[in-house]
Amino acid sequence: MITFTLISGTLLAGLLFASGTAMAEPMHRPGGFDGVNVVQLERSIDRGVRSGDLTRGEESTLRTSLRSLMHSVRLAKKDNRITARERAGLERKESQLKRSIYQLSNNRDVARRDHRNDRDHRSYNDNRAPQPHVVIAPMPVRTHR
């Protein structure tokens with residue numbers, strides 16, 4: 001009888017614990033804001049840099065936009081409540097950043113493979129004809145006698 005009481009008490013405690021944690025989890029509302037998937041956006045940028053599809057300037061622009069989006073999310077969550085207007089703005093910024101990542105990854109600018117060690121800061125090849133190199137000769141110095 002004691003073992004039955006002990007087992008049933010353990011089962012009841014486990015059931016109460018499981019239901020308590022399930023109720024503490026926030027429920028997903030259809031159309032609700034789950035947050036910005038920053039990890040996915042960072043991976044997309046990293047993948048573009050690794051493959052050479054993004055130049056250093058494009059990478060810098062995208063990372064600045066990502067930081068701006070993260071700052072906007074922090075501001076919206078500051079009062080522990082995201083209004084419909086804030087959610088629409090955050091979703092608009094996120095989709096705009098995704099679109100920018102796609103467009104910049106698929107343009108004709110191609111980063112050099114060795115752009116990390118690039119000393120002359122020409123980090124991309126835009127497939128245009130090379131520009132002729134012009135040398136300007138120094139002017140002769142006149143001396144008056």
Side-chain angles (χ1 to χ4, degrees), residues 6-145:
L6 188 61
I7 291 174
S8 64
T10 305
L11 288 175
L12 183 62
L15 181 65
L16 288 175
F17 178 73
S19 66
T21 56
M23 294 189 97
E25 295 282 328
M27 293 182 61
H28 173 72
R29 291 181 314 157
F33 183 74
D34 291 333
V36 176
N37 194 349
V38 176
V39 175
Q40 179 187 9
L41 294 171
E42 285 180 339
R43 283 183 185 161
S44 297
I45 295 171
D46 291 339
R47 187 172 39 248
V49 170
R50 270 195 317 271
S51 68
D53 292 337
L54 292 175
T55 64
R56 279 189 290 180
E58 292 168 345
E59 176 191 8
S60 174
T61 301
L62 292 173
R63 294 217 189 266
T64 301
S65 298
L66 182 61
R67 279 193 304 272
S68 172
L69 177 62
M70 290 167 43
H71 180 70
S72 298
V73 169
R74 251 183 272 120
L75 285 178
K77 287 184 175 181
K78 198 169 193 175
D79 59 354
N80 295 326
R81 184 172 176 266
I82 296 180
T83 64
R85 181 178 287 173
E86 289 171 335
R87 182 178 64 244
L90 293 173
E91 289 173 351
R92 186 182 66 247
K93 280 185 175 185
E94 181 182 16
S95 65
Q96 184 178 12
L97 180 58
K98 285 180 182 179
R99 195 168 39 253
S100 294
I101 291 171
Y102 177 80
Q103 288 173 345
L104 292 175
S105 293
N106 293 305
N107 63 5
R108 292 182 63 180
D109 293 345
V110 179
R112 294 169 131 191
R113 291 284 181 213
D114 60 342
H115 72 278
R116 296 283 182 217
N117 299 322
D118 191 10
R119 294 272 183 218
D120 58 356
H121 304 291
R122 288 179 291 158
S123 62
Y124 67 91
N125 174 13
D126 61 0
N127 298 326
R128 289 187 287 181
Q131 300 296 322
H133 184 67
V134 178
V135 177
I136 300 175
M139 299 272 304
V141 179
R142 290 186 177 178
T143 58
H144 295 297
R145 288 190 183 194

Side chain to side chain contact (heavy atoms under 4.5 Å, CB included) against [X], all qualifying residues, sequence neighbours excluded:
X     : answer
Arg92 : none
Ser65 : Leu97
Arg85 : Thr83
Arg47 : Ser44, Arg50

Calculate, to the nearest 0.5 Å, the distance between atoms [atom1] and [atom2] belonging to [X] and [Y] respectively.
X     : Y      : atom1 : atom2 : answer
Lys98 : Leu69  : NZ    : CG    : 10.0 Å
Glu86 : Arg81  : CD    : CZ    : 8.5 Å
Leu54 : Glu59  : CG    : CD    : 7.5 Å
Leu66 : Ile101 : CG    : CD1   : 7.0 Å
Leu41 : Leu62  : CG    : CG    : 10.0 Å

_Any side-chain to backbone donor/acceptor pair from Ser60 onto Arg56? Under 3.5 Å, distance only._
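Looks like no, no N/O pair under 3.5 Å.
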Report task. Check whether any side-chain heavy atom of Met70 sits under 4.5 Å from a side-chain heavy atom of Val36, and report yes or no. Result -> no
Please list, chain by chain and in numerical order, all residues satisfying side chain to side chain donor-acceptor pair (under 3.5 Å) with [X], sequence neighbours excluded.
X      : result
Ser72  : Lys93
Gln103 : none
Ser95  : none
Arg67  : Thr64

Closest approach of Asp53 to Ser105 (non-hydrogen atoms, all atoms of both residues):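 Here Asp53 and Ser105 meet closest at CB-O, 3.4 Å.
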Correct closest heavy-atom pair for Glu58 and Asn107 would be OE2-ND2, 2.8 Å
| Heavy atoms from other residues, nucleotides or ligands near CZ of Arg63 exceed 12 (cutoff 6.0 Å) |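 Counting other residues, nucleotides and ligands, CZ of Arg63 exceeds 12 neighbours.
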